[in-house]
Undergrad: 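Shown below is the structure under consideration.
First the proteins, then the strands, lettered A, B, ... as listed; each starts at 1.
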Protein chains: 2
Amino acid sequence: MMEFEQILRSRGYRLTNQRRVIVRELEGERHLSAEEIYERVKEEHPELGLSTVYRTLDLLHELGIVRKEDFGEGYSRYELATERMHHHARCRGCGKVIEFNEELMEYLTLQVERETGFVTDSYEITLHGLCRECAAAG
Amino acid sequence: MMEFEQILRSRGYRLTNQRRVIVRELEGERHLSAEEIYERVKEEHPELGLSTVYRTLDLLHELGIVRKEDFGEGYSRYELATERMHHHARCRGCGKVIEFNEELMEYLTLQVERETGFVTDSYEITLHGLCRECAAAG
DNA sequence: ATACATGCAAAATATTTGCAACGAA
DNA sequence: TTCGTTGCAAATATTTTGCATGTAT
């Protein structure tokens, strides 16, 4: 992805192979954890430490290239911020994560800004409950 | 709080002093972390281990008595689920957490259920951005 | 050549668990 | 008395950091 390389360069960061590899993984699959990225890549790129994965994700998050997500699993997941903003519903029964889009959210952030002055640049929603199947079973 | 004692009993759990103390702390202050509860209580109740705090919060969360929150700090915070459902906007500048209520959310969960069959029993929203002051300063 | 980046191992944090002792019912 | 609960310490798990080495610019 060109854009990501330009953002790095324009901020004075270097374009390393490790950074390229990590972004490539995120392009291939969404909602990856640091550990998962590390595992997926270690065979083809043994020259990549877990700490570099963390440092890179941190940087990419800081630059707004990557979104950091929390599904209450005890660790974070990441995905490219270029994906359309979306939200998650996590099933208490089977752990499945269902996604949904909701234009109302755009309105919500405007409303919040009007009321409190808070300027939103990203947001997360997580619904906790049961998916259709688990709700039927339970 | 009576209600909490009844829920415990009706499910066959025992009403211990530790559990009472932890709920009392949550009644006094919202958004507490496990560590904070432990610190607040250790003087008056040295007979209370951090692991019990975790175990108790887990149980109370399971029973729907307590809500588990994530502000991206690397650990969880907790509050009584009896508080009116609310949402958080966390300032990237100063870390301040601004709260807001939004009736639209009730509508949102209904909409999601209609579209995906997902039955929501609780939800969290976190907006990331800058509060009025930091937005003005930055 | 000069910083910025990296890998490794060790540290720091947060949370969980094993087990003997405790105590609510 | 019984079995759920607890404290303590040790184990896990996740993420961060120090430092010598590597490498993009």
Undergrad: What is the distance, rounded to the nearest whole Å, between atom CD of A:Glu73 and atom P of C:dT16?
TA: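 Those two atoms, CD and P, are 13 Å apart.
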Undergrad: Using a heavy-atom cut-off of 4.0 Å across all strands, would you classify B:Ser76 as base, sugar-phosphate, or nothing?
TA: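 Sugar-phosphate, backbone atoms only, no base.
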Undergrad: Could you state the atom-to-atom distance from CG of A:Leu59 to C1' of C:dC4 in whole Å?
TA: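 Between C1' of C:dC4 and CG of A:Leu59: 11 Å.
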Undergrad: Please round to the nearest 0.5 Å and tell me the distance separating atom CG of A:Leu26 and atom CG of A:Leu57.
TA: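 It is 6.5 Å, given to the nearest 0.5 Å.
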Undergrad: Closest nucleotide of DNA chain C for A:Val53 versus for B:Leu50: which of these residues is on the 5' side?
TA: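 The residue closer to the strand's 5' end, by nearest nucleotide, is A:Val53.
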Undergrad: Atom CZ of B:Arg9 and atom C1' of D:dG4: how far apart are they, to the nearest Å?
TA: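 Those two atoms, CZ and C1', are 14 Å apart.
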Undergrad: Roughly how far, to the nearest 0.5 Å, is the CZ atom of B:Arg19 from the CG atom of B:Leu8?
TA: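 Reported value, rounded in 0.5 Å steps: 6.0 Å.
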Undergrad: Nearest whole Å is fine: how far is D:dT15 C1' from A:Leu32 CG?
TA: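 Distance, rounded to whole Å: 17 Å.
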Undergrad: Answer yes or no: is there an ion pair linking B:Arg40 with B:Glu25, defined by an N-O contact shorter than 4.0 Å?
TA: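 Judged by the 4.0 Å cut-off on N to carboxylate O distance, B:Arg40 and B:Glu25 do form a salt bridge.
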Undergrad: Would one find a side-chain N or O of B:Tyr54 under 4.0 angstrom from OP1 or OP2 of C:dT16?
TA: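 Negative; the distance criterion is not met.
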Undergrad: What's the separation between atom CG in B:Leu59 and atom OH in B:Tyr13, rounded to the nearest 0.5 Å?
TA: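 That separation rounds to 5.5 Å.
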Undergrad: Name the closest nucleotide to the B:Arg19 side chain, picking from D:dT16, D:dT6, C:dT6.
TA: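 Out of D:dT16, D:dT6, C:dT6, the nucleotide with an atom closest to B:Arg19's side chain is D:dT6.
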Undergrad: Between C:dT15, D:dT16, C:dA3, which one does the side chain of A:Asp58 approach most closely?
TA: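 Within the option list, the nearest is D:dT16.
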Undergrad: To the nearest angstrom, how far is B:Gln6 atom CD from C:dA25 atom P?
TA: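 Rounded to the whole Å, the gap is 14 Å.
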Undergrad: With a 6.0 Å cut-off (strictly less than), is the heavy-atom count around CD of B:Glu39, excluding the residue itself, greater than 12?
TA: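 Yes - once you tally the heavy atoms of other residues, nucleotides and ligands closer than 6.0 Å, there are more than 12.
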Undergrad: Just call it for A:Arg11: base, sugar-phosphate, or nothing, with non-hydrogen atoms closer than 4.0 Å on any strand.
TA: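 Here A:Arg11 touches no strand at all.
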Undergrad: With heavy atoms under 4.0 Å as the rule, sort A:Ser51 into base, sugar-phosphate or nothing.
TA: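 Base contact.
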Undergrad: DNA chain D: A:Ala34 or B:Gly49, which has the more 5' nearest nucleotide?
TA: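 Final value for this comparison: B:Gly49.
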Undergrad: Counting any heavy atom closer than 4.0 Å, what does A:Arg20 reach on the DNA or RNA strands: base, sugar-phosphate only, or nothing?
TA: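 No contact.
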Undergrad: Picking from C:dC4, D:dG7, C:dA14, which would you name as closest to the side chain of B:Thr52?
TA: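 Between C:dC4, D:dG7, C:dA14, the one nearest the side chain of B:Thr52 would be D:dG7.
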Undergrad: B:Arg55 or B:Gln18: which one's nearest nucleotide on DNA chain C is closer to the 5' end?
TA: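 Its nucleotide being nearer the 5' end, the pick is B:Arg55.
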Undergrad: Just the rounded figure in Å: distance from P of D:dT6 to CD1 of B:Ile22.
TA: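 To the nearest whole Å, that distance equals 8 Å.
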Undergrad: Are A:Tyr78 and A:His31 near enough that their ring centres are under 6.0 Å apart?
TA: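 Aromatic pair excluded; centres sit 6.0 Å or further apart.
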Undergrad: Within the structure shown, what part of the strands sits under 4.0 Å from B:Glu35 by heavy-atom distance: base, sugar-phosphate, or nothing?
TA: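 Since no nucleic acid heavy atom lies under 4.0 Å of B:Glu35, the category is nothing.
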Undergrad: Send over the distance from B:Tyr75 OH to C:dA14 P, rounded to a whole Å.
TA: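 It is 7 Å, rounded to the nearest whole Å.
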Undergrad: Whole Å only: how far is the OH atom of A:Tyr38 from the P atom of D:dT15?
TA: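 Distance check: A:Tyr38 OH to D:dT15 P gives 15 Å.
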Undergrad: Side chain of A:Thr16, heavy atoms from C-beta onward: which of D:dT23, D:dT5, C:dT6 has the nearest atom to it?
TA: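 Of D:dT23, D:dT5, C:dT6, C:dT6 is nearest to the side chain of A:Thr16.
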